[in-house]
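Take a look at the structure set out below.
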Amino acid sequence: MKLFIERPIATAMFFLALAVLGAYSFLNIPLELAPEEEYPQLDVETIWSGVPPEIVQAQVTAPLEEVASGIKGVRKISSESKIGISRITLEFDPKTNMEFAHLALREKISGLKSILPYRLRPVIRPFVPEDFRVAPFLSYTISGDYSLQRLREMLKDRIEAAVGSVKGVAAVMVSGGADPVIKVELDRGRIKSLNIHLY
């Protein structure tokens, strides 16, 4: 302590050098607040309520995997078919432009409308690590002088796609209302005579 008091100029120069070094380090050390993903990914999820996994695999997952494999930059495709759900994860080359990949995938899937079961709409979502997944932070309640089924159809046809195309929106989900349900009663005797196996 005595040394600093006896040599004020040297002390001042020492602390000035420390300040300059600190300022230089602060301005030149690279900071990465949001590191890039090692393997950019997209998830494709399709809901087909109550349908067995083998039918989901054959009629939804397989056609989606086939068209997804043709997207430029895809390096790996993994899928999962469960009761009522098809989920496909696409891993891209790190140099892939994800905006173009998203558009190309959307275009390919739109071409499957005549192949996929009626009214099924695969949803494309940017990959989000499990640790960063949070509950939806914005929701709207919409009502009108329509039946529940008609109101839901209008929201899915007009609102869901429009809001989903807004920059920064990862996913849009329409809940509530009612979907049409068709109940089919089978003649088991006739089915057995034709040797048809039910899933």
Side-chain angles (χ1 to χ4, degrees), residues 1-47 61 64-82 85-112 121-143 155-176:
M1 191 61 140
K2 184 178 179 181
L3 180 64
F4 289 110
I5 296 174
E6 291 176 347
R7 299 188 179 184
I9 296 178
T11 300
M13 295 298 293
F14 175 74
F15 282 105
L16 180 61
L18 286 178
V20 171
L21 180 61
Y24 176 82
S25 300
F26 178 77
L27 296 174
N28 290 279
I29 292 179
L31 298 176
E32 193 171 1
L33 300 179
E36 294 183 0
E37 297 175 7
E38 186 177 356
Y39 299 110
Q41 300 180 9
L42 289 175
D43 289 337
V44 182
E45 186 176 89
T46 310
I47 306 297
T61 304
L64 289 175
E65 283 182 319
E66 185 176 351
V67 298
S69 63
I71 304 297
K72 185 177 180 180
V74 173
R75 60 188 298 173
K76 181 180 178 182
I77 299 177
S78 56
S79 65
E80 180 183 24
S81 299
K82 300 189 295 186
I85 299 177
S86 165
R87 184 176 291 109
I88 301 173
T89 299
L90 308 178
E91 293 185 7
F92 292 84
D93 186 276
K95 298 180 180 179
T96 302
N97 185 315
M98 294 306 295
E99 290 188 10
F100 286 119
H102 191 284
L103 290 174
L105 181 59
R106 184 186 296 273
E107 183 178 348
K108 290 279 189 180
I109 290 177
S110 67
L112 289 177
R121 295 188 178 183
V123 178
I124 304 173
R125 296 190 176 97
F127 175 77
V128 178
E130 191 69 33
D131 293 340
F132 295 99
R133 296 184 184 182
V134 296
F137 68 94
L138 182 62
S139 61
Y140 291 97
T141 300
I142 300 176
S143 60
L155 291 177
K156 293 189 74 68
D157 291 340
R158 303 178 186 179
I159 305 298
E160 185 179 33
V163 175
S165 63
V166 175
K167 185 176 181 180
V169 175
V172 179
M173 180 182 297
V174 176
S175 60

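In this structure, Leu90 and Leu105 have side chains that are in contact, with non-hydrogen atoms separated by less than 4.5 Å. Proximity of Asp43 to Ile124: side-chain heavy atoms (C-beta onward) are nowhere separated by under 4.5 Å.
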ask   = Can you list the steps and then say if Ile47 with Ile85 is a side-chain contact (heavy atoms from CB on, under 4.5 Å)?
value = CA-CA 5 Å; Ile47 306 297; Ile85 299 177; 3.9 Å; yes
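Residues Met98 and Leu42 share a closest heavy-atom pair of CE-CG, 3.8 Å. Nearest heavy atom pair, residue Pro122 against residue Val44, reads CB-CG1, 3.9 Å. Among all heavy-atom pairs drawn from Pro94 and Pro40, the shortest one is CA-CD, 3.7 Å.
One finds the CZ atom of Arg125 at 15.0 Å from the CD atom of Gln41 (value rounded to the nearest 0.5 Å). Interatomic distance, CD1 of Ile88 versus CD of Glu80, reported as 11.0 Å (0.5 Å rounding). Here Phe100 contributes atom CZ and Ile71 contributes atom CD1; the two are 13.5 Å apart, rounded to the nearest 0.5 Å. Between the OG atom in Ser69 and the NZ atom in Lys108 there is a gap of 8.5 Å [rounded to 0.5 Å]. Atom CG of Leu18 sits about 11.5 Å away from atom CE of Met13, to the nearest 0.5 Å.
Looking at Glu65 and Ser79, their side chains do bring a donor and an acceptor atom within 3.5 Å of each other. Thr61 and Ser81 share a donor-acceptor pair across their side chains, judged by distance under 3.5 Å alone.
Electrostatic pairing of Arg87 and Glu45 counts as a salt bridge here, judged by a charged N lying under 4.0 Å from a carboxylate O. Taking the charged nitrogens against the carboxylate oxygens, Arg121 and Asp157 do have a contact shorter than 4.0 Å, which makes a salt bridge.
Glu66 meets the salt bridge (Lys or Arg N to Asp or Glu O under 4.0 Å) test with no other residue; sequence neighbours excluded.
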